Amino acid sequence: MTTERYNPRDAEPRWQQAWTGKKSFEAANDPSRPKYYVLEMFPYPSGRIHMGHVRNYAMGDVVARFMRARGYNVLHPMGWDAFGMPAENAAIERGIHPKSWTYDNIAAMRRQLKSMGLSLDWSREIATCDPSYYRHEQEMFIDFMAAGLVERKVSMVNWDPVDMTVLANEQVIEGRGWRSGALVEKRELAQWFLKITAYAEELMQALDGLNQWPEKVRLMQRNWIGRSEGLRFSFALEDETGKLLDESLTVFTTRHDTLFGASFCALSPDHALARRMAESDSGLQEFRRECAALGTSEESIERAEKKGYRLPIYARHPFIDGLRMPLYAANFVLMGYGEGAIFGCPGHDQRDFDFATKYGLPVIPVVAPNGTDPNQIDVSAGPYLEKDESEAVMINSGFLDGLSVAAAKNEVATRLEHEGRAERKVNYRLRDWGVLRQRYWGCPIPVIHCGTCGVVPVPKQDLPVTLPDDVTFDKPGNPLDHHPTWKHVPCPVCGKAARRETDTFDTFIDSSWYFARFCSPRADVPVDRGAAKYWMPVDQYIGGVEHAILHLLYSRFYARAMKKTGHLDIEEPFASLFTQGMVTHETYRTQGGDWVLPAEAGKTAAGWVHTVTGEPLTIGGIEKMSKSKRNVVDPEAILEQYGADTARWFMLSDTPPERDIEWTESGVEGAWRFTQRIWRLIGESIRQHDPASSPDAAAAKELRQWTHRSIAAVTEDISALRFNRAIARIYELSNALSSALQNPDRSSAMNAAVSDAARTMVLLMAPMMPHLAEECWKVLGNDSLVVETPWPLALQEFVASDEVTIAVQVNGKRRDEIRLAKGLAAGDVERQVLDLESVKRALDGKPVRKVIVVKDRIANIVSG
RNA sequence: GCGGGCGUGGCGGAACGGUAGACGCUACGGACUUAAAAUCCGUUGGGAGCAAUCCCGUGUGGGUUCGAUUCCCACCGCCCGCACCA
């Protein structure tokens with residue numbers, strides 16, 4: 001019998017070595033076997049893993065080990081999202097070169113991940129900052145250019161003044177840079193764009209097919225793409241004297257039914273017409289400046305008043321002869337959506353109403369609930385925004401009067417189409433993906449600007465365009481641009497002096513195809529299509545919900561772009577997606593508001609105090625672990641103290657994986673106690689047969705039933721990623737085994753049941769606690785490894801039972817329960833149940849009206 | 001404002017429309033120990049009762065049903081996403 005405590009510090013490295021020695025997790029491209037590709041979002045090499053990583057990778061590892069045990073050829077790789085700003089900041093702040101900073105961090109984090117005992121195929125490791133990775137990114141970009149997927153255009157972009165770089169729309173959160181938190185400014189720049197909008201419709205339609213994605217994520221993407229059906233049409237324009245102008249004004253609307261309610265038209269201050277007119281109108285110039293100065297932050301938008309600048313131009317109403325509407329440049333009209341111009345209908349739009357009220361423009365109601373008297377409508381209260389379109393009808397609208405909203409839209413569209421001045425159009429909120437970043441530590445963009453030939457792609461045989469190592473960070477701006485020689489190259493076409501593009505790619509490009517690269521990480525093409533055909537798509541992708549739009553939408557687009565250019569054969573890279581919750585921890589602060597380490601907070605009779613200074617403390621909320629709130633728990637210390645198995649077990653216990661989990665000391669202690677309990681139970685389970693002991697056949701059978709029902713339940717729970725439930729089942733099995741071990745029965749039948757339970761328990765817990773499982777497996781007398789052992793099979797004879805407990809209700813209230821043979825006919829159940837004392841008492845002499853019997857579950861007696 | 005989700009013991013959480021609270025944590029009581037740790041046994045939704053047992057309980061109010069934590073409607077509260085998108 002084993003009496004020593006289980007020591008993870010000794011056992012864990014030993015088993016990690018055993019797995020590495022046997023190459024247990026190296027995946028071969030073997031199309032004869034069924035594959036399973038499980039992937040967790042790869043980490044940014046910040047230097048240390050955090051608890052979020054532990055949770056994420058523990059989950060993925062359970063799936064990987066489970067599927068491997070079930071006979072699948074499992075691909076479970078790891079890599080590094082290694083380009084990005086923090087490396088440059090380290091260079092600026094501490095004089096460390098981004099490259100050495102990054103690779104040092106990778107080495108440190110690789111060691112930490114290895115100490116977690118993850119079943120990763122390290123032979124496929126990749127880092128996006130390695131030229132052997134990013135050269136393929138450059139090659140594909142050139143292919144994308146040839147395929148028309150790349151566009152260079154001047155446009156208003158989001159400028160992050162702290163990171164000094166451009167940001168894509170998806171990377172602006174509430175008006176601030178997603179990483180720097182700085183208020184984003186608008187700037188006009190020449191930019192490279194990937195034409196994701198060309199796939200807007202497809203990206204949206206295909207969401208319907210992603211039925212193994214969380215509904216929430218699909219919805220977020222659908223909203224982000226923002227499809228809306230409407231009409232694009234143009235107004236004839238005239239000057240103040242009534243003279244028709246050559247130019248017309250094109251607008252986009254989804255509410256062309258309200259055209260008779262139009263009372264003004266408005267342009268974005270950045271609209272071409274407004275810009276042109278500003279050249280000779282200093283007032284307009286001033287107005288445009290004012291609008292540009294207005295930030296894009298939530299607060300500024302909320303506070304911003306609707307403001308307009310009256311232009312000396314009118315728009316002619318298409319249906320009302322002689323009606324001309326004033327034209328404004330207005331601060332609430334966005335250049336980036338539709339045509340950058342609108343017609344205003346104050347009766348049915350809040351913004352238009354605010355604007356009209358301010359400038360004294362007419363408010364004409366044109367839609368009203370069916371049956372409303374058109375003369376009784378109060379237009380001073382605000383616009384009528386019908387909730388249910390089908391209940392509304394058109395009024396004050398000439399030939400549209402009495403029509404439904406839908407019919408009116410159709411009528412207006414048809415008439416304007418006939419006149420050749422309109423087309424029905426679908427608009428998207430989605431913008432093209434600006435991919436330039438004015439930074440050093442990123443993938444160089446493989447193009448050369450030539451004064452004669454224009455933009456010339458770098459010839460493929462000259463790839464990769466590698467980053468120069470000798471850069472300085474002493475000046476603000478892009479170090480590549482400051483480099484003395486790097487950007488000066490001859491034009492590949494004409495040979496004249498030319499200039500390299502010094503911007504680098506958005507790092508989201510790096511992460512948009514890494515999952516495909518893992519299929520053939522050393523191939524000399526971006527993706528070996530044979531390998532990708534076998535492995536792709538990723539069967540189970542796991543990561544944080546914060547990537548619901550950014551990374552997950554870009555990757556879906558990238559797969560399509562790669563397919564178009566012959567690099568991949570699928571459109572959807574992730575068949576099944578799981579978004580795990582965050583890791584949270586309690587917080588404490590002083591009266592002064594400073595955050596205090598939870599470890600330094602102590603409870604006294606007088607309340608919480610700082611254990612060092614004695615200062616009184618207030619309890620903050622349970623918050624996401626963050627440095628600023630000082631509530632971070634370092635995984636390394638936990639792994640050192642308790643071992644990987646305990647940490648993994650805790651991360652998977654209790655809380656459903658999609659919810660936020662709270663880190664608690666007592667919770668880890670509980671997980672630690674359980675690892676020791678398993679160790680003891682396994683030690684006790686290898687006991688001797690004693691012919692003198694009296695057999696307890698019922699107890700042995702019960703243990704067998706627990707064992708095989710646990711197999712069935714854990715298999716189902718892990719398949720559905722319900723790790724917390726799987727763990728509860730394993731606790732139940734350990735409790736059943738513990739009870740059996742206390743039974744004096746030492747017969748061979750009981751010992752066989754005990755040994756079956758012990759063996760099963762080890763195999764069931766192995767995906768979560770792989771090291772302890774191996775150690776126990778050895779104690780149980782096995783020479784093989786658990787990682788080579790197939791998943792146990794539940795024996796039906798023990799899963800099924802011949803007796804069931806039936807709940808007995810009277811008028812829906814539970815009054816008793818009764819053990820009956822399984823599958824007993826309703827009539828027999830009814831007879832037995834009506835005979836029960838408890839039932840007679842509850843009926844209290846009232847007649848039985850009917851008896852409802854649900855087979856093997858419940859009997860409900862309804863009385864009068 | 002628009003869209004989505006969630007409300008169950010002291011806590012994390014279980015529960016094909018069918019015995020609400022599995023499993024874990026905490027707390028309390030007991031055993032072992034000189035003592036502590038560890039371990040083991042027991043109790044742990046609220047209330048009444050010596051007890052058998054009974055009553056009340058899944059945010060609030062209604063509804064459907066023999067039966068509702070689960071389905072429907074309204075309300076309250078919390079969380080998340082988008083947000084001047086025409």
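All values below come from the heavy atoms of this structure, side chains included, with hydrogens, waters and symmetry mates left out. Bear in mind that the values here come from a model prediction, so they are computed numbers and not experimental data. First the proteins, then the strands, lettered A, B, ... as listed; each starts at 1.
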Undergrad: I'd like the P distance from B/G17 over to B/U69, given in whole Å.
TA: 13 Å
Undergrad: Using Watson-Crick or G-U wobble geometry with both distances below 3.5 Å, tell me the partner of B/C2, or none.
TA: B/G81
Undergrad: Give the intermediate values and the outcome of ring pair (Phe, Tyr, Trp, His ring centres under 6.0 Å) for residues A/W663 and A/F650.
TA: CA-CA 9 Å; A/W663 176 270; A/F650 171 73; 4.9 Å; yes
Undergrad: Could you pick out which residue, A/E658 or A/I549, lies toward the 5' side of RNA chain B when each is mapped onto its nearest nucleotide?
TA: A/E658
Undergrad: Between A/E201 and A/R227, does at least one N-O distance fall below 4.0 Å, as a salt bridge requires?
TA: yes
Undergrad: If the P atom of B/A48 is compared with that of B/A14, how far apart are they to the nearest Å?
TA: 32 Å
Undergrad: Does A/R677 put a side-chain nitrogen or oxygen below 4.0 Å from OP1 or OP2 of B/A38?
TA: no
Undergrad: Would you say A/D352 and A/P383 make side-chain contact, with heavy atoms under 4.5 Å?
TA: no
Undergrad: Of the listed nucleotides (B/A86, B/C82, B/G81), which one gets closest to any side-chain atom of A/M220?
TA: B/G81
Undergrad: Specify the residue among A/K216 and A/E662 whose closest nucleotide of RNA chain B lies further upstream toward the 5′ end.
TA: A/E662
Undergrad: Verify the ring-centre separation between A/F264 and A/F355: is it less than 6.0 angstrom?
TA: yes
Undergrad: With rounding to the closest Å, how many angstrom separate the P atoms on B/U70 and B/A86?
TA: 37 Å
Undergrad: Please measure how far the P atom in B/G46 lies from the corresponding atom in B/U58, and state the result in whole Å.
TA: 15 Å
Undergrad: Check whether any side-chain N or O of A/N735 sits under 4.0 Å from OP1 or OP2 of B/C23, and answer yes or no.
TA: no
Undergrad: Taking atom C1' in both B/G18 and B/A52, what distance in whole Å separates the two?
TA: 27 Å
Undergrad: Would you measure the distance from the C1' atom in B/C71 across to the matching atom in B/A27 and give it in whole Å?
TA: 38 Å
Undergrad: Does B/C40 have OP1 or OP2 sitting under 4.0 Å from an N or O in the side chain of A/R680?
TA: yes
Undergrad: Strictly below 4.0 Å: does A/K813 bring a side-chain N or O up to OP1 or OP2 of B/C56?
TA: yes
Undergrad: By the 4.0 Å heavy-atom rule, please label A/N860 as base, sugar-phosphate, or nothing.
TA: base
Undergrad: Pairing check on B/C25: which nucleotide meets the Watson-Crick or G-U wobble criteria with it, both distances under 3.5 Å?
TA: B/G10
Undergrad: Would you say B/G13 has OP1 or OP2 under 4.0 Å from some side-chain N or O of A/R659?
TA: yes
Undergrad: Pick the C1' atom in B/A22 and in B/A38, then give their distance to the nearest Å.
TA: 27 Å
Undergrad: Return yes if the base of B/C82 and the side-chain atoms of A/N223 contain a donor-acceptor N/O pair under 3.5 Å, otherwise no.
TA: no
Undergrad: Which nucleotide, in any strand shown, forms a Watson-Crick or G-U wobble pair with B/A51, with both distances under 3.5 Å?
TA: none
Undergrad: For a quick check of understanding: with a heavy-atom distance under 4.0 Å over all strands, which category does A/R673 fall into, base, sugar-phosphate or nothing?
TA: sugar-phosphate
Undergrad: C1' atom, B/C73 versus B/C56: distance in rounded Å?
TA: 26 Å
Undergrad: Is there a side-chain polar atom (N or O) of A/Y731 under 4.0 Å from OP1 or OP2 of B/G24?
TA: no
Undergrad: Phosphate oxygens OP1/OP2 of B/C41: is one of them under 4.0 Å from a side-chain N or O of A/Q742?
TA: yes
Undergrad: What is the nucleic acid contact for A/Q809, judged by heavy atoms within less than 4.0 Å: base, sugar-phosphate only, or nothing?
TA: base
Undergrad: Below 4.0 angstrom, N of the basic side chain to O of the carboxylate: do A/K307 and A/D354 qualify?
TA: no
Undergrad: Is the phosphate of B/C54 approached by A/R814 (side-chain N or O, under 4.0 Å from OP1 or OP2)?
TA: no
Undergrad: With both distances kept under 3.5 Å, what pairs with B/U34, Watson-Crick or G-U wobble?
TA: none
Undergrad: Less than 4.0 angstrom from a charged side-chain N to a carboxylate O is my criterion; do A/R288 and A/D270 meet it?
TA: yes
Undergrad: Base, sugar-phosphate or nothing for A/Q350? Non-hydrogen atoms, less than 4.0 Å.
TA: nothing
Undergrad: Indicate, with a heavy-atom threshold strictly under 4.0 Å, whether A/V251 touches base, sugar-phosphate, or nothing.
TA: nothing
Undergrad: OP1, OP2 of B/A86 versus side-chain N and O of A/R232: anything below 4.0 Å?
TA: no
Undergrad: With heavy atoms under 4.0 Å as the rule, sort A/N724 into base, sugar-phosphate or nothing.
TA: sugar-phosphate
Undergrad: Is A/R255 salt-bridged to A/D349, cutoff N-O under 4.0 Å?
TA: no
Undergrad: Roughly how many Å is it from OH in A/Y337 to C1' in B/A83, rounded to a whole number?
TA: 13 Å
Undergrad: Select base, sugar-phosphate, or nothing to describe what A/R849 touches, counting heavy atoms under 4.0 Å on all strands.
TA: nothing
